[in-house]
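Input: a single structure, listed below in structure tokens.
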Amino acid sequence: MPIQIVRNDITKMKVDAIVNAANNSLLGGGGVDGAIHHAAGPKLLAECRTLGGCKTGDAKITGAYRLPCRYVIHTVGPVWHGGTFGERDLLTSCYKRSLEIAKDYGCETVAFPLISSGVFGYPKAEALRVAVDTVGEFLADNDMTVYIVIFDKRSFEIGEKLFNDIEEYIDDRYAAEREEPPEARSRRFNALPKAMSAHDAALPGLKPRAAPVMSAPFSLEDAVSRLDESFSEMLLRKIDEKGITDAECYKKANIDRKLFSKIRSDRRYKPSKPTAIAFAIALELPLGETREMLEKAGFALSHSNKFDIIIEYFIERGNYNIYEINEALFAFDQSLLGA
Ligand code: AR6
């Protein structure tokens, strides 16, 4: 998966390059800088001494010595002064410059800490937003796997309002499911129009619609021919209908090219559930079509797990930003979308 948010100690990451949140002197310090120098050994400091420091927003590369990666890219984030002193631009520049250097050195995997979000005081949720947006933009034009490494759970705050909102949404859905007696559900299902899928029917509060599983009007012939459509075929059809390229779709889905090729060339390919949902999100499918696509891969969206409810929360609000969805999934300890 091209962008992954992981909880780890960055000095343990076996990637081509890790990024260090350094200071202008590049001569070491506390936080992640201290941890990287400690794990790399004194030769790292010796090489850093030859670099002549680094400007805020810029980056420089060195060897990695005792670390399990090949390079360390040292970048200097801005000190937070309230947000009106160009902090966001400088932080964006840290990610861009580090990624450019990583690309110049042929790196295929790069791990970043949340730059500036410790000693330099950048609010963590905003620092994460900048990281995800900037890396996401870079990956739209480049093939690389980028890890955003979160050291502690507290570093990962998606914003109190969003968190509370999602929590409330989950509580409502769980509660609704528990309150409804099973016989009421099966009765309601029997009374539904034929076009409604079992998954739509199982969702309390969802009003029966005429043809919930198809967005556009379709002929009987179309319907019959689509009965046998596989996940891969539906995916390719939807890509065509949306008028986007394959690459636009898999990048937006945060899926790597190789996996996409596999899905495209194997009509019967069965993706994992997060992969299937990632494509539905990339294609900005409404809930009904998301369910249809999932069904083709043998899955459903249910109200008995948080992951599904969080996905539904975002789709209902028309928010198809996979990175934001992943941040929320991460905050609720759920697996992330993508390969
Ligand atoms: N792995 C991953 N992330 C880590 C680790 C680790 N081992 N240790 C800390 N973090 P900071 P800054 C997280 O303070 O804000 C240094 O003294 C930490 O939780 O390391 O850019 C430099 O020399 C936080 O979210 O860097 C500079 O003077 C994030 O890394 C100054 O601090 C960044 O925190 C740079 O401050």
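First listed ligand is number 1; within each ligand, the first listed atom is number 1.
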Exercise. Start with the C-alpha gap between Leu294 and Lys273, add the side-chain angles, then the distance that decides, and say whether side chain to side chain contact (heavy atoms under 4.5 Å, CB included) holds.
Key: CA-CA 7 Å; Leu294 280 174; Lys273 186 170 174 181; 4.3 Å; yes
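- No side-chain N or O of Asp266 forms a donor-acceptor pair with one of Ser232 less than 3.5 Å apart.
- Checked against a 3.5 angstrom limit, the closest N/O atoms of Ile10 and ligand 1 fall inside it.
- Side chains of Ser302 and Ser304: a donor-acceptor N/O pair is present below 3.5 angstrom, by distance only.
- Under a 4.5 Å side-chain heavy-atom criterion applied to ILVMFWY residues, the cluster that includes Leu45 comprises Leu27 as well.
- By the 4.0 Å heavy-atom criterion, Gly77 is excluded from the residues contacting ligand 1.
- Of the listed residues (Lys238, Lys242, Lys252), just one forms a salt bridge (Lys or Arg N to Asp or Glu O under 4.0 Å) with Glu284, and that residue is Lys252.
- Closest approach of Glu316 to Leu287, counting heavy atoms only: CG-CD1, 4.0 Å.
- Within the structure, salt bridge (charged side-chain N to carboxylate O under 4.0 Å, His left out) pairs that include any residue of residues 93-110 comprise Asp58-Arg97, Arg97-Glu100 (at least two apart or interchain).
- Aromatic pair Phe138/Tyr95: centroids not less than 6.0 angstrom apart.
- Residue Gly121 has no N or O atom closer than 3.5 Å to an N or O atom of ligand 1.
- Distances from ligand 1 to the non-hydrogen atoms of Thr11 include no value under 4.0 Å.
- With ligand atoms numbered from 1 in the order given, ligand 1 contributes 1 (N), 6 (C), 7 (N) to contacts under 4.0 Å with heavy atoms of Asp9.
- Close approach of ligand 1 to Ala21 (heavy-atom distance below 4.0 Å) involves ligand atoms 21 (O), 22 (C), 26 (O), 35 (C).
- For ligand 1 and Gly29, the ligand atoms under 4.0 Å from any heavy atom of the residue are 17 (O), 23 (O).
- Residue Val32 holds the heavy atom nearest to atom 20 (O) of ligand 1 of all those in Val32, Leu128, Leu26, Val79.
- Some N or O of Gly118 is nearer than 3.5 Å to an N or O of ligand 1, by distance alone.
- By the 3.5 Å distance cut-off applied to N or O atoms, Phe120 is counted among the residues near ligand 1.
- Applying the 4.0 Å criterion to heavy atoms of Asp33 picks out, from ligand 1, the atoms 22 (C), 23 (O).
- For atom 16 (C) of ligand 1, the choice among Ser117, Gly30, Gly31, Pro113 with the nearest heavy atom turns out to be Gly30.
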